[in-house]
Structure formats: structure tokens, C-alpha cells
Number of protein chains: 2
Amino acid sequence: MPTTTTKALVPLPIGKGALTRQAILLEAMDLASVSGLEGLTIGSLAEATRLSKSGLFAHFGSKEELQLATVQAARTVFQEQVFIPALKAPRGLKRLCAVLAAWLDYAEREMFRGGCFFASVSVEFDSRPGPVKDLVAATMSVWRDSLTRLVGEAKEAGELSRSADPEQLAFEFVALALGANGAFQLHRDHRSFTMARRAIKERLKVFATPGTRFPPL
Amino acid sequence: MPTTTTKALVPLPIGKGALTRQAILLEAMDLASVSGLEGLTIGSLAEATRLSKSGLFAHFGSKEELQLATVQAARTVFQEQVFIPALKAPRGLKRLCAVLAAWLDYAEREMFRGGCFFASVSVEFDSRPGPVKDLVAATMSVWRDSLTRLVGEAKEAGELSRSADPEQLAFEFVALALGANGAFQLHRDHRSFTMARRAIKERLKVFATPGTRFPPL
DNA sequence: CCTACCGATCGGTAGG
DNA sequence: CCTACCGATCGGTAGG
């Protein structure tokens, strides 16, 4: 179960037609999480925001620019909801677990109607070369590298054994988080998240040094 | 690295315009693995098979029927390439590992241009209710249930400890296989598969009973 | 930010 | 399996 229930991170100042770019992008992220960034058409987004097609279009200039702006916006949302809050936890295993817990909560909370934005979009664009794929791939790399670094810091703190491989564990944690999100979206079974949490916990326990206390997940 | 390199499972009898339904579906699976089942348009498939749009259309009757037929065809391909060959291995841990190895090899071999068909399509349709999603979800369930059963058989054979949870491990293995496929498609880094194999091995070793010999992965 | 419009392509049909 | 066609929607533009 999610430990937080925050949903609106933007106050949504919809002043009768005077839509801010942020509000448009919030709608764009929601639509794209369901229909993908290709299925996110100018027409559907215009209808959802109650702008004219060309009025909406003028904000971005091309569909690709709209896609890039949407990915950037989703990147900011994820960063704010998952990484920033977890940085309050002290460096080491506690911070690593805080990020992993926030990640799983974020996915389970269904910030967007189609679940995790990047789970959908990274698969949609993995075979479509271009600027959008490049931005998505770079974003996924940044997050995996962050996890790698957090595992390394838990090693430096002496909480994880020197035999723990940060890259290996980061790969596994990303796979488990995405796997939980995917299975949940497909089957609507919350046990997916329970199983991902358990897998991560058991995996970390293999490398935990004697006497290390375990933060909740 | 893949242990097999079989690619053509159908002899492709393209007799100048006299395309068989199988050859059409092979092309459909390939296109869908790249552009998704929505991006698989009647026009693009007609062009790829060098049929007229309406000639192609007549084979299926509607786009949804084309999508369903394509999913069914991909299901058969996966079953033939992953599960059937692995059934030659003796029941127990050997058979479980044979299936997992075949699964990862299948993804790494890139049977279709966009990689694993179901990795793409299961994410594409997880938020689109309807017959196509239902078929995709049922297919993924069947395979996960098969893995669950194979873990159970390895327990019955005394090769895995009674503390091993078949559902839990099946969830993890599916997540790792899909995660490896996704990371490979996004970054074209074969180490994704190395890491998935290592994760599965280490996870199985936790539950292996003393004296159990490990099949290669 | 709007109305009005463009050529191309979408899924699908008529008729053979 | 084809040609010829349908209304709807696509991304995008002109002009204001």
C-alpha cells in the first residue's frame, strides 16, 4: 500500500481558457501514460484542455517538441516525488531504501491514469530512434546510475558487504519496480508490489553486514 | 550470448502475390514489435506484404481481428521457441533453468526487430481495456503460471528448499527477463542479459538444497 | 490564442 | 484478391 497519497503537485490555475503550459503538460502526461506518446495526438490533447488544435499547437511548434516537453515534465514529476523526498533520509542503506520505497509507492499510487509514465514510454520508444528515445533513455540511465550510487554509499557506510555489486543490484531493482508496475497495470493485482518489495528486501539481506538494522520498505 | 540462432521458423512461401496468412502474420509481428499493435496499420502491413489494403484487410475483417490474430501468432512462436524445446530437459531444476535460459536467449536473439513481442505489447495494452488486452494478459498469466509450476516441480524433486515460494520466484524471473529485454532494447547493452542471468542464478542458489548441481543458464 | 484550411493517412466499404 | 471510394482524423499552415 502507498504510504503517501499526494496527487496534485500543481495547483492547476485553469482560468477559463487561459491554460498554462504546466496544466497542458499535466494533461499530456496523463494521456500519454494511457495511449503512449504517439497516441497523444494534438487533437485529443486540444479537446482535453479545451483549446483549439492550432492554439494548442502554437505552444510547441511540432509534435516532437510536444513529446519532448512531456517527457521533460514527467522527469521532473518523478524526480520530485521519488528522489527529492528520499534525500531527507540519511546517506547509506536508509536512503537507498527510502528511494526504493518511494519508487514503488509512486507506481502503486498511479500518479497518472496509465501508471508509471516512463514504464510505458521507455518500452514504446525503445525501437524508435530519435530525440525522444534519446531523452527517455538518458532519463532511465540517470535513475539507474542514481540507484547504483546509492548502493555504493550503503557499502561505504559498511551496511552492505563489499561483495555487493552496485550495478547488478541497481539493474535488479529497476527490473523489479518496472515489473511490479507492469503486472499491476495488466492484472490490477496489488500483490505485484508486495512481491517486488519482498524480492528487494531479500536481495538486500543477502549483502547486509552483521548487525545492520533494516529500514522499512 | 544466444545459444541458438534459428530465425526462420516458417519457410516463407512467397509466391508472387500469393501470400499465406502465416507470412502476413510474421510481417505483422515484426512491425508490431517496433511500432506496437496500434502503430501496426493496415496500410503499412499491406505495403510490407505487397498486397492492396483491401486485399490484406479481407483476411481479417477488422483491425481488432488483425491484432488478435497477431497476438495469437506471437504466442505460438514464443511457445515453440521457449517452452517446447525446454520440455526435453528432465523435470525439476533442469527444466526450470532450461526454460529460463531459452527465454533469455529468445529475447537476446531478437526474433523480431523490436525484440520480445510481448514485452512491447503487454505494456502498450495494459491501459486499453478490450479483447486484445484480455488475450495479452491471459497469455502473460499462462507463462507466469508455467514458471510457478516449474518452480514447484523443482521443490518436489528436492532440488529447491520447501521455503521457496513458487509465485514469488516466478514473478521475479518474469520481471528480470522483461527488464533485461527492455534495457537491451533501450541501451543496446548485452550486459543486461548477463545481469539477469546472474540475478536468477543467485536467487536460485539461495533456495537450492545441499548437493544440488546447477544447470547452466 | 482563434477560424479556416491543407495533403496524407486512418479503418473500413462497395462491387467485382 | 483488386480498384475505387467513404468520412474521420492526422500533423501542420495561413492569416489574423
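Reminder, nothing fancy here: chain letters follow the sequence lines and each chain counts from 1.
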**Prompt:** What pairs meet the salt bridge (charged side-chain N to carboxylate O under 4.0 Å, His left out) rule with one or both residues in residues 168-184 of chain A, with sequence neighbours excluded?
**Reply:** A:E172-A:R203
**All pairs passing salt bridge (charged side-chain N to carboxylate O under 4.0 Å, His left out) where residues 180-191 of chain A contributes a residue, at least two apart** = A:E110-A:R188, A:D189-A:R191, A:R191-B:E167
Atom pair distance, as rounded to whole Å: [atom1] in [X] and [atom2] in [N]:
| X | N | atom1 | atom2 | answer |
| --- | --- | --- | --- | --- |
| A:L37 | D:dG11 | CG | P | 12 Å |
| B:F57 | C:dG16 | CZ | P | 20 Å |
| A:K63 | D:dC10 | NZ | P | 9 Å |

**Asked** Do you know which two heavy atoms are closest between B:L160 and B:L204, and how far apart they sit?
**Response** CD2-O, 4.0 Å
**Asked** By ring pair (Phe, Tyr, Trp, His ring centres under 6.0 Å), which residues pair with B:F60, not counting sequence neighbours?
**Response** none
**Item:** Qualifying side-chain hydrogen bond (donor to acceptor under 3.5 Å, both in side chains) pairs, either residue in residues 111-120 of chain A, two or more places apart
**Value:** A:D30-A:R113
**Request:** Any side-chain hydrogen bond (donor to acceptor under 3.5 Å, both in side chains) involving residues 139-150 of chain A? Give me the pairs, sequence neighbours left out, ordered by first then second residue.
**Result:** A:R75-A:T139, A:Q79-A:W143, A:R149-A:E153
**Asked** In chain order, what residues pass the side-chain contact (heavy atoms from CB on, under 4.5 Å) check against B:S44, with sequence neighbours excluded?
**Response** B:L31, B:T41
**Asked** For A:P85, which residues count as a side-chain contact (heavy atoms from CB on, under 4.5 Å) partner, sequence neighbours excluded?
**Response** none
**Request:** Give the B/S/- string for nucleotides 2-9 of chain D, one per nucleotide from 5' to 3', where a protein heavy atom under 4.0 Å of the base yields B, of only the sugar-phosphate yields S, and otherwise -.
**Result:** BB------
**Message:** Taking Watson-Crick (N1-N3 plus N6-O4 or O6-N4) and G-U wobble (N1-O2, O6-N3), each under 3.5 Å, can you produce the dot-bracket string of DNA chain C? Use [ ] for crossing pairs and | for inter-strand ones.
**Reply:** ||||||||||||||||
